[in-house]
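Below is one structure; the comments refer to it alone.
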Number of protein chains: 2
Amino acid sequence: MPADLHALQELIGYNCRRAYLAVRDQAIKPIVENGLQRTWFTVMVLLHRNPGLSSREICWALGVQPPNLVASIASLEEHGLVERRPHSEDGRSLSLRLTAAGRRLITRVEREVERAELRATAMLSDEERDTLTDLLRRIYTEPPVD
Amino acid sequence: MPADLHALQELIGYNCRRAYLAVRDQAIKPIVENGLQRTWFTVMVLLHRNPGLSSREICWALGVQPPNLVASIASLEEHGLVERRPHSEDGRSLSLRLTAAGRRLITRVEREVERAELRATAMLSDEERDTLTDLLRRIYTEPPVD
DNA sequence: TATTGTTATACTCTATAACTATA
DNA sequence: TATAGTTATAGAGTATAACAATA
């Protein structure tokens, strides 16, 4: 006897969360198979398009707190995927960019993650997938009333 | 100088997660203001429509592991919101249902959470909100290819 | 032998306070 | 004084192994 989930499925937060977990379960596979962690992947995608970002700028872009990025960036540097340089204008900041190895790796992983996401959402048409992405983006880019 | 988030915003998982966090930040307010935790709220909504569910059935419905529900259900019982009865047919199971106080509380909180979700998604029309909910639900109810 | 509820445990993710060095 | 990066730490959330009671 399956439970009646109707009341929960009316909640937008519940649906976002369940869909996120379903997509993540697929997308995480190529990430770990290539020796990365989820946070590393997100940081690397961001640095790929935005070389020279500081740690603080990554925090703003991803909505995470600075202390939670320290270990990830240190690991990325130890693995030779990211390098830290002194910022040219601000002695407090460190300028982050992918190494050549980092660029090679993230190019491949990004492609594999996109394929995994397509598999996880194979029940949607291309148009439905575009609609979904647009609606979701509007929720977190347009600020709430409160 | 805002970072170029274009590559991340192409990823469905990233968009689901950011939208989920934005909605959750609003929906959590009436939950904690009424002395509940997020997990308690979800369990209570489920029990409201499905009196008599066992702990294991709640795990199936919510996609969580049994050990992670033990503390929540114990707390709900201590607070007089949920009661455990021996299952009529299976001596191993415990039948869970809301108390009268639990029903009164979840009725109010559910209404307030719905209002909070509407505020968090006020930039969408009613039709767009329905479309979004439908697309998200299909992702986690229709199983992936793998 | 299998399942329910449970304990113990560990690992990840996230949040806050406080330090240091630079501005 | 304010900010960037960092340390230490604590709290959620989630996962697995193993046990007793029941099937």
Side-chain angles (χ1 to χ4, degrees), chain A residues 1 3 13-14 16-18 20-22 24-25 27-29 31-32 35-43 47 52-78 82-97, chain B residues 1 3 13-14 16-18 20-22 24-25 27-29 31-32 35-43 47 52-78 82-97:
Chain A
M1 60 185 82
Y14 176 81
C16 282
R17 179 177 153 77
R18 294 299 300 255
Y20 164 63
L21 294 176
R24 189 196 62 173
D25 284 351
I28 196 66
K29 292 178 185 175
I31 291 175
V32 300
L36 299 180
Q37 298 180 1
R38 196 174 54 81
T39 305
W40 300 9
F41 169 76
T42 315
V43 169
L47 286 178
L53 282 187
S54 69
S55 170
R56 194 54 63 115
E57 287 170 321
I58 294 176
C59 289
W60 287 331
L62 299 185
V64 300
Q65 299 302 314
N68 301 326
L69 221 53
V70 173
S72 294
I73 291 176
S75 297
L76 283 168
E77 194 174 33
E78 285 168 20
V82 163
E83 61 178 5
R84 275 188 271 213
R85 304 181 191 170
H87 196 284
S88 53
E89 299 171 357
D90 188 336
R92 297 169 301 182
S93 294
L94 291 171
S95 177
L96 303 172
R97 59 194 71 238
Chain B
M1 60 185 87
Y14 176 81
C16 283
R17 180 177 152 78
R18 294 300 300 254
Y20 163 64
L21 295 176
R24 190 196 62 174
D25 285 350
I28 196 67
K29 292 179 186 174
I31 292 175
V32 299
L36 299 179
Q37 297 180 2
R38 197 174 54 82
T39 306
W40 301 9
F41 170 76
T42 316
V43 169
L47 287 178
L53 281 187
S54 70
S55 170
R56 194 54 63 115
E57 286 170 322
I58 293 176
C59 289
W60 285 332
L62 300 185
V64 302
Q65 299 301 313
N68 301 326
L69 219 54
V70 173
S72 295
I73 292 176
S75 297
L76 283 168
E77 195 175 32
E78 286 169 20
V82 163
E83 61 179 5
R84 274 187 272 214
R85 304 180 190 170
H87 195 284
S88 53
E89 297 171 358
D90 188 336
R92 296 170 302 183
S93 292
L94 291 171
S95 179
L96 303 172
R97 59 194 70 239

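Every chain is numbered from 1 and lettered A, B, ... according to where its sequence line falls, protein lines coming before strand lines. Values below: all heavy atoms of this structure, side chains included; hydrogens, waters and symmetry mates excluded.
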H87(B) NE2 to L96(B) CG distance, which is reported to the nearest 0.5 Å: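 Between H87(B) NE2 and L96(B) CG, I get 9.5 Å after rounding to 0.5 Å.
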Atom pair OG1/CD of T42(A) and Q37(A) - distance to nearest 0.5 Å: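 Those atoms lie 11.0 Å apart.
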Heavy-atom check, side chain of R38(A) versus side chain of R17(B), under 4.5 Å: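 With C-beta onward as the side chain, the pair touches.
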Start and end of chain B contact along DNA chain C [non-hydrogen atoms, under 4.0 Å]: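 Contact boundaries, 5' end first: dT3(C) to dT14(C).
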In whole Å, what is the span from the [atom1] atom of [X] to the [atom2] atom of [N]?
X      : N       : atom1 : atom2 : value
R84(A) : dA4(D)  : CZ    : P     : 16 Å
I28(B) : dA12(D) : CD1   : P     : 11 Å
E57(A) : dA4(D)  : CD    : C1'   : 11 Å
N68(A) : dT7(D)  : CG    : P     : 13 Å
Q65(A) : dA10(D) : CD    : P     : 18 Å
R18(A) : dT14(D) : CZ    : P     : 11 Å
L69(A) : dT7(D)  : CG    : C1'   : 15 Å

V64(B): side-chain contact (heavy atoms from CB on, under 4.5 Å) partners, not counting sequence neighbours: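 side-chain contact (heavy atoms from CB on, under 4.5 Å) list for V64(B), sorted by chain: C59(B), L62(B), L69(B).
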Position toward the 5' end of DNA chain D (nearest nucleotide), R17(A) or S54(A):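 Looking at the nearest nucleotide for each, S54(A) comes out on the 5' side.
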Strand-adjacent residues in residues 36-43 of chain B, judged by heavy atoms under 4.0 Å from DNA chain D: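 Under 4.0 Å from DNA chain D: R38(B).
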Considering all heavy atoms of both residues, which atom of [X] and which atom of [Y] are nearest to each other, and what is their separation?
X      : Y      : result
S72(A) : T39(A) : OG-CG2, 3.6 Å
R85(B) : E83(B) : NH2-OE2, 3.0 Å
G13(B) : Y20(A) : O-CD1, 3.5 Å
L53(A) : A3(B)  : CD1-CB, 4.0 Å
W40(A) : S75(A) : CZ2-CB, 3.3 Å

Report, one pair per line, the protein and nucleotides 17-23 of chain D atoms (nitrogen or oxygen only) whose separation is under 3.5 Å.
from    : atom 1 : to     : atom 2 : distance (Å)
dA23(D) : OP1    : G91(B) : N      : 2.7

Selection residues 63-76 of chain B - residue pairs positive for salt bridge (Lys or Arg N to Asp or Glu O under 4.0 Å), sequence neighbours left out: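 Those involving residues 63-76 of chain B do not exist here.
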DNA chain C: 5'-proximal contact among W60(B) and V70(B) (nearest heavy atom):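 In this pair, the answer is W60(B).
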Qualifying residues under side-chain hydrogen bond (donor to acceptor under 3.5 Å, both in side chains), relative to S54(A), sequence neighbours excluded: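 With sequence neighbours excluded, S54(A) shows a side-chain hydrogen bond (donor to acceptor under 3.5 Å, both in side chains) to E57(A), given in chain and number order.
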